[in-house]
Q: 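Below is the structure I would like to discuss, written out as structure tokens.
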Amino acid sequence: MAEEILEMKSIIKDFPGVRALDHVNFTLEKGEILALVGENGAGKSTLMKVLSGVWPYPTYEGDIYLDDQLVRFDNTREAEEAGIGIIHQELNLLPDLSVAENIFLDRHPLNKFGGIKWEQLYDNAAKMLSRLNMNIDPRIELGDLTVGKQQMVEIAKALSLDTRILVFDEPTSALTESEINELFTVINELRASGVSIIYISHKMEEIKEIADSVVVLRDGSTIGDKIKIDQVTLDEIITRMVGRDINDLFPNHDFDRGEKTLEVKNISVPDPFNPEKKLVDDVSFSAYKGEILGISGLMGAGRTELVNAIFGVYGKKSEGEVYLNGEKLKIKAPADAINNGIALVTEDRKELGLLLDKNLVMNMTLPSIKKFSSKLAMDNHAERAVTEKYVNELNIKTPGLDVFVEKLSGGNQQKVVIGKWLITDSDVLILDEPTRGIDVGAKTEVYRLMNQLVKQGVTVIMISSELPEIMGMSDRIVVMSEGKKTAELDRSEADQETIMKYATGNKGVE
Amino acid sequence: MKKFIKNNGTFIALIFLIIILSFLSPSFLSSRNLTNLVRQVTINGIIAVGMTMVILLAGIDLSVGSVVGLSAVTVTLLMQAGFGMWLAILITLVGIGGIIGFFNGFMSAKFDIHPFIITLGVMTIARGLSLVLTQGVSVPVTNSTFASIGSGYIAKLPSLIILVVALALGIWAVFKTSIEIKNGEKVRNKAKLTGGIILSLVGFVSGFLIFIGYQGIPIPVAIFVVIVMIGIYTLQKTRFGRKLYAIGGNEKVAWLSGINILKSKTMVFVITGVLSAASGILLASRLNGASPNLGDGFELDAIASVIIGGTSFMGGVGTITGTVIGAIIIGVINNGMSLLGINTFYQMIVKGFIIILAVMIDVLNRRETA
């Protein structure tokens, strides 16, 4: 029996309105690689934030034992000093500084006058990098390295802090195949040298390859005990991840599929930070009048990028063809998509959907201002009338039309964004995570609205990370994984396990 | 009442300033002085109208002062070369103002370079061009009709008619805009109506006392008023104005909502360039000649007017009415201090503090309401 280095006991973390972690327990042994898996929002990141001092005690309940000693970190610094390091999905480095400076950020070796001993700094950095068998010149600017090499620098930085527990949060999402292999070699070497590793990933194949054991989180709780990886099948892990019933949140609707409206062919979007990688890789699909097409996948699967490409967000940088009602469209910017009858309800309503310090009228008529104006003047009465109509129809709770939308609740803000696109009277309505961050009541209203639109002959496409939502609402489901379309399922053949299998890139049952 | 003071802070400050100055210097309120004051304001005011739109987009245009200089020089030289007055004016407006504005807007929007940098470069280039064209010396205006634009007046009787028509239009506009839709019904906002009518009457009476009491409405003032009216209408009522507020509010959201950012931004800089050129032409006419250093530092007064007038430097919030008040405040301060015999060097210091004060008040106000 290996010695236990970390134990997290009965961890509870509440956010306003939700319990993000509910009595989570797990242990980590010396030199163990533990995979932590779960759906988006299952609580993995929150748990790691508790461990690394981002959430200090007593903002959480429960106890953390390090080498059988109770520890309570006030900040991330204390956690670092205790030997806990995290390699985030988004690297935490400064691209304009040298590799060595990044590794020893504010821990430069200094001479008597407070000047930096550069030679010693570079020597120390080279030593750290050679521990990882990395042949990187510590003098070059970090920004000149590939993403994979940058990640190695981040690991070297963690090792320079005498890290004993290293957390990897989705480390391979931006890496190429060969970079992943390199990373795994390093991780195995770290294990051999006694470092314990917590490995967070959506990708089942990877977990099977690298991890010793696995803990599953679902809705903030651990599902079952820690299991050795060779005593469990991928299917069993997936079942633990999703095992939920679809409740009756979703209003029933009958589908009456009409003619084909939208067809997209061979959409590709390059990764701006890694030219060898594609965020969306050759995706094609069709959507029909009178149906809801769901797009499922895990975070980083390229779903948002796919619909953005259709909407013209990337201009000439994305490839592929978009047909609407059999006609090929030329879309170079969102304006072209809108003029052709395609609307996109963006995921991030605060940054991309709303003019927060403007009123409801201005927000809701923005994409269709042409309808409310002659060459010379806006028709203020007409636009107010339409805004009022949609405020009533969508049941938007607001003290008036002249209120700034930042004053509204999240659910009502989301309805404003949806309303703004409904006013455009588009043939195709794409919704990217339309129910994120809004309460259950508002969710149901959004679902009803979608059904109503379908009945009116609108083609609705919905991206969602919530499996029950995807399954409850869609007629057909496109599943994506790592930029590729991995499956197109009919409502009848889609269950949570199947979707999750394709979403994790596991071809499984074919 | 508290809300009224908050929303009209700069206007109230202006009134106070006028009252204080009228006590300190008896000649301040004379028709002659006020007519001159308003005429001085127009040169900066015309530029500030364009600058308001630029800052609404969270941009800046540093080149306006140099465009004033280059336009003044160009129009003068063109007339010397034998071009007719109107043709010379047209060529200057389009060839100098329009093209420089297009360059500023297109370069900054197309290549996503902050307009501060583009217009800083253009500011130097345009100034250099003025110096090259004039060989560094002043050039005189040779056309006598041209001189009358900047220093002429509309005769008293037509001036009176214009004021009466303006009053009628003002009251009509107040009647139209004070109707609001509440719960689907049209309701008249009584406070807005009476406030608007009082303001129109005050405007009429002061216009009467200032201009009819002296020599009539100065031509530059009439031009300025027309530009302001068109500006206000553009921002408040047109699709183009709506787009500017949207882009200034959140450029990404505006773009995703189908707005052509490049077109709107370029247009705004073109407008500002043309207005600066107009200002330069008026200045050359008034001074009866052009020196290559004309307009030096004008960008600062224009920016100050916009900021004092309550336009947010972050973009998306602001009005031309506010800018006009800001421009008048600056004009009153310059004029008042000159009357009081304060050295122009001190005037600069005072103006600087007032800009900072205006922004401070604005920031504090906003923090309170947030």
Side-chain angles (χ1 to χ4, degrees), chain A residues 308 311-313 315 332-340 342-346 348-359 361-381 383-385 387-389 392 400-402 404-407 417 420-421 424, chain B residues 7 56-58 109-110 112 173 176-187 189 192 229-230 232-264 310-312 314-318 365-367 369-370:
Chain A
N308 277 346
F311 198 59
V313 170
K332 285 180 288 182
D336 301 324
I338 296 166
N339 289 337
N340 281 304
I342 299 175
L344 171 64
V345 175
T346 44
D348 185 346
R349 59 178 169 265
K350 289 209 162 85
E351 291 295 322
L352 303 176
L354 292 172
L355 301 167
L356 287 172
D357 61 349
K358 299 282 178 271
N359 66 21
V361 181
M362 205 174 146
N363 270 286
M364 289 179 68
T365 56
L366 192 59
S368 32
I369 37 177
K370 268 189 198 148
K371 281 192 202 170
F372 302 101
S373 57
S374 62
K375 257 279 166 263
L376 266 182
M378 298 286 300
D379 184 346
N380 296 109
H381 290 301
E383 59 169 353
R384 287 189 81 85
T387 307
E388 192 149 15
K389 182 181 151 210
N392 291 332
L401 301 184
D402 296 307
F404 289 172
V405 293
E406 66 188 349
K407 303 275 185 220
V417 182
K420 123 179 186 181
W421 291 108
T424 61
Chain B
N7 290 340
L56 261 186
L57 293 181
K110 180 82 185 174
D112 204 15
K176 272 214 87 167
T177 54
S178 61
I179 299 173
E180 285 171 2
I181 302 179
K182 267 200 185 126
N183 307 322
E185 279 172 56
K186 290 186 181 178
V187 184
N189 184 333
K192 216 170 162 183
M229 300 284 229
I230 294 174
I232 292 174
Y233 183 84
T234 305
L235 283 191
Q236 296 307 318
K237 295 295 287 182
T238 67
R239 198 195 301 166
F240 176 67
R242 179 66 62 86
K243 287 178 185 171
L244 299 193
Y245 282 105
I247 296 171
N250 185 329
E251 192 173 316
K252 198 103 206 229
V253 171
W255 184 66
L256 286 169
S257 299
I259 290 172
N260 186 334
I261 309 277
L262 177 67
K263 205 166 123 190
S264 301
T311 297
S312 163
M314 311 294 287
V317 180
N365 250 341
R366 218 159 285 185
R367 209 169 284 170
T369 46

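Residue numbers start from 1 in every chain, and the chains themselves are labelled A, B, ... in the order their sequence lines are given, proteins ahead of strands. Because the structure is a prediction, the values reported are computed rather than measured.
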Q: Non-hydrogen atoms of chain B under 4.5 Å away: do they reach the side chain of L352(A), the backbone, both or neither?
A: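 Both parts, backbone and side chain.
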Q: Is F311(A) in contact with chain B via its backbone, its side chain, both, or neither, using a 4.5 Å heavy-atom distance?
A: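 For F311(A), the side chain is the part near chain B, not the backbone.
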Q: Using every non-hydrogen atom in the two residues, find where L354(A) and V253(B) come nearest and quote the distance to one decimal.
A: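 L354(A) and V253(B) have their closest heavy atoms at O-CG2, 3.4 Å.
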Q: Within the structure provided, determine whether Y245(B) and L355(A) are in side-chain contact (heavy-atom separation under 4.5 Å).
A: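 In short, these two side chains do not touch, never coming nearer than 4.5 Å.
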Q: Taking every heavy-atom pair that is under 4.5 Å apart, which of A335(A), P334(A), A333(A) has the most such pairs with chain B?
A: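 Among A335(A), P334(A), A333(A), the one with the most close pairs to chain B is P334(A).
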Q: Taking side-chain contact (heavy atoms from CB on, under 4.5 Å) as the test, write out the residues that go with K371(A), two or more places apart.
A: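 Partners of K371(A) under the side-chain contact (heavy atoms from CB on, under 4.5 Å) test: S368(A), D425(A).
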Q: If we ignore hydrogens and angles and just use 3.5 Å, is the side chain of D357(A) paired with the main-chain N or O of G249(B) as donor and acceptor?
A: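 Such a contact is absent between D357(A) side chain and G249(B) backbone.
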Q: Which pair of heavy atoms, one from K252(B) and one from E351(A), lies closest together, and at what distance?
A: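 Heavy atoms only, the tightest pair is CB-O, 4.4 Å.
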Q: Go through the atoms of K420(A) and report whether side chain, backbone, both or neither lie under 4.5 Å from a heavy atom of chain B.
A: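 Contact with chain B is through the side chain of K420(A) alone.
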Q: Distance check, rounded to the nearest 0.5 Å: K176(B) atom NZ versus N380(A) atom CG?
A: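 CG of N380(A) is found 10.0 Å from NZ of K176(B).
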Q: Just checking N392(A): does its CG atom have more than 12 heavy atoms from other residues, nucleotides or ligands closer to it than 6.0 angstrom?
A: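 It does: N392(A) CG has more than 12 such atoms within range.
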Q: Relative to chain B, which segment of T346(A) carries a heavy atom at a distance below 4.5 Å: side chain, backbone, both, or neither?
A: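 Contact with chain B involves the side chain of T346(A) alone.
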Q: Taking all atoms of both residues into account, what is the closest heavy-atom pair of K358(A) and G316(B), and its distance?
A: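 Heavy atoms only, the tightest pair is NZ-O, 2.7 Å.
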Q: Relative to chain A, which of R239(B), K243(B), K237(B), Q236(B) shows the most heavy atom pairs under 4.5 Å?
A: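 Of the candidates given, the most pairs with chain A belong to R239(B).
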Q: With a 4.5 angstrom heavy-atom cut-off, which part of K389(A) approaches chain B: side chain, backbone, both or neither?
A: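 Neither; nothing under 4.5 Å.
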Q: Please classify the contact of N260(B) with chain A as side chain, backbone, both or neither, using a heavy-atom distance under 4.5 Å.
A: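 Neither the backbone nor the side chain of N260(B) comes within 4.5 Å of chain A.
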Q: How far apart are the closest heavy atoms of G312(A) and W255(B), and which atoms are they?
A: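 G312(A) and W255(B) have their closest heavy atoms at O-CH2, 4.1 Å.
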Q: Quick one: closest heavy-atom pair of L366(A) and I259(B), and the distance?
A: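 L366(A) and I259(B) have their closest heavy atoms at CD1-CD1, 3.6 Å.
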